[in-house]
Amino acid sequence: MSLAINTDRLLSRIQDLGQIGALPGGGCKRLALSVEDAKGRELVCGWFRDAGLSIHTDVIGNTWAIREGRENKAPVVMGSHIDTVATGGLYDGNLGVLGGFEVIESLIEAGIETEHPLAVAFFTNEEGARFAPDMMGSGTCQGALDLEDMLCSVGIDGVSVQEALGTIGAQGNAPVGALAPSAFLELHIEQGPVLEAENLQIGVVTGVQGISWTEFSIEGQSAHAGTTPMALRHDAGVVAAGIAMEARAIAQDLGPPQVATVGRMEFTPDLVNVVPEKATLTVDLRNTDEANLQVAETRLQAVARAYCAAEGCTLSQRTLARFEPVVFDVQLVDLIEKSAEKLGFSHRRMPSGAGHDAQMFAPNCPSAMIFVPSKDGLSHNIHEFTAPQDLANGVRLLAEVALTRAGVVQSKGHIA
Ligand code: HGY
Ligand code: MN
Ligand code: MN
């Protein structure tokens, strides 16, 4: 069976949602639990409501919409996120939510009934850009993260998740664990260069690499840039710079798939002629192999301590996120691969370099992902782009797998 989907409707919804938080040069900024996120939630829930779906929101703002099945069984859930980073694109997360919704709406139009209910979901703060950690909503609803801890998480702007939920009215009353899928599927852009480089249409995602986010705070001593001899300095800035260079060296020495990123670095007092008395920086380390990720972490820690000691500074740190690598359900991955074959899509198996909501469902129910190509491998960039045909391919494959898992009871309408 292959469900006919309405590609034009999908594309126009992606554009409509992309208007919320639109940036002047393209792309959009819809940080988690911001006013823009609230508007995005309102738009998407309006579409869910118009389609007659029953909408549920839980205590951290995760939202899902259910289309009933013939049996009162656990739903097959298609989900992702609609929050973005500050230099976000139109597709990261949004494709998985709007694509899942397109599957459900096309089913309704085709008069197709399924045994299991089908649901489409978006999860709070997948990005982790404003509030750490990432995958916060999905991790909380699936028991990987503690609700109270997450509600107390304070963002880079000094606002807590609890406050932000209250400000935009996004806190619902469904309890943690209320969403218990029979299977979880996430369609997502690859966000990397592999599919495009190999001229492939689909990524059959085997799992997600491990993630380690650390925020280092270095305390030194502010001093005059001109009068203070180098030997007398306690320069927090130079320690931060050394840690940043070490992060890059670790990735180079360990080689792929190890990656390292220093995304944030701040100096205090941040003035041209004052030796920094304080520096904070974040280091994002990732690897598909947990043992090697720990090697990277250990080496980074050792160097941070050594640089601080040599400069006479003090070091403190916070773990902002720490998730071990995840392997997706073998049968579901096989089904995605077989379905891609059946639909005639070129494809390959691959791990995900990015974190995703699906990884939080993997311990609790069969979970897996479908990737479609990213132009120039770009994401977390306003020029993020995926061609319309690739978007449609991904949604058709999502439909094929979701329908197989949900079981088609009867089709009054058209299934090719
Ligand atoms: O950081 C990530 O991998 C995802 O974008 N949250
Ligand atoms: Mn994403
Ligand atoms: Mn992202």
Side-chain angles (χ1 to χ4, degrees), residues 14 17-18 21 27-33 37 40 62 78-100 121-140 144-145 150 153 155-156 184-192 203 205 207-215 257-264 282-288 293 319-326 350-362 367 369-374 377-386 391 394 398:
I14 288 172
L17 182 53
C28 65
K29 175 182 179 181
R30 255 192 336 269
L31 290 176
L33 301 179
D37 188 18
N62 297 315
M78 299 168 284
S80 196
H81 60 94
I82 59 172
D83 63 303
T84 75
V85 294
T87 54
L90 302 186
Y91 309 94
D92 176 1
N94 304 318
L95 173 62
V97 177
L98 299 180
F122 59 79
F123 301 100
T124 297
N125 187 30
E126 186 281 341
E127 291 294 0
R130 181 183 178 195
F131 306 100
D134 53 350
M135 288 75 73
M136 181 185 277
S138 50
T140 301
L145 297 169
M150 294 305 112
S153 173
I156 57 176
F184 184 88
L185 291 166
E186 182 166 4
L187 168 62
H188 206 286
I189 54 172
E190 178 203 334
Q191 302 181 288
V205 188
V208 178
Q209 69 177 343
I211 300 176
S212 164
W213 288 0
T214 305
E215 178 193 75
Q258 181 65 49
V259 288
T261 311
V262 174
R264 303 193 73 219
T282 59
V283 181
D284 175 328
L285 298 173
R286 307 201 194 191
N287 198 306
T288 52
L293 184 55
T319 298
L320 298 180
R322 185 59 170 93
F323 302 119
E324 295 196 7
V326 164
M350 60 193 293
S352 173
H356 297 288
D357 293 310
Q359 73 188 82
M360 294 300 170
F361 285 84
S367 304
M369 293 185 73
I370 297 165
F371 276 171
V372 289
S374 290
L378 267 187
S379 184
H380 287 191
N381 179 298
I382 62 169
H383 300 299
E384 177 183 280
F385 180 75
T386 294
L391 299 171
L398 178 68

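Order of listing sets the numbers, starting from 1, for every ligand and every atom in it. Here the structure is a predicted model, which means the values were calculated and not measured.
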*Please determine, by modelled atom types, if His188 and Asp92 share a side-chain donor-acceptor pair under 3.5 angstrom.*
yes
Should you measure from each heavy atom of [X], which atoms of ligand 1 turn up under 4.0 Å away?
{"X": "Asp134", "result": "1 (O), 2 (C), 4 (C), 6 (N)"}
{"X": "Gly355", "result": "2 (C), 3 (O), 4 (C)"}
{"X": "His380", "result": "5 (O)"}
{"X": "Glu127", "result": "4 (C), 5 (O), 6 (N)"}
{"X": "Ala354", "result": "3 (O)"}
{"X": "Trp213", "result": "1 (O)"}

If we set the cut-off at 4.0 Å for heavy atoms, which region of [X] has an atom near ligand 1: side chain, backbone, both, or neither?
{"X": "Phe323", "value": "neither"}
{"X": "Gln209", "value": "neither"}
{"X": "Glu126", "value": "both"}

*Atom nearest to the Mn ion (ligand 2) - His188, N, O or S atoms considered*: NE2
*Is the distance from the Mn ion (ligand 3) to the nearest N/O/S atom of Glu127 under 2.8 Å?*
yes
_To the nearest 0.5 Å, what is the distance between OG1 on Thr282 and CG on Leu320?_
7.0 Å
*Quick check: does any side chain N or O of Arg30 sit under 3.5 Å from a backbone N or O of Ile82, one acting as donor and the other as acceptor?*
yes
*Any heavy atom of Arg286 sitting closer than 4.0 Å to ligand 1?*
yes
_Matching residue for Asp357 among Ser138, Ser367, Ser80 - test: side-chain hydrogen bond (donor to acceptor under 3.5 Å, both in side chains)_ = Ser138
*Nearest to the Mn ion (ligand 3) - the N/O/S atom of Asp92, by atom name*: OD2
*Hey, what's the ring geometry for Phe184 with Phe361, parallel, tilted or perpendicular (30° and 60° as the breaks)?*
parallel
*Strictly under 2.8 Å, is any N, O or S atom of His356 next to the Mn ion (ligand 2)?*
no
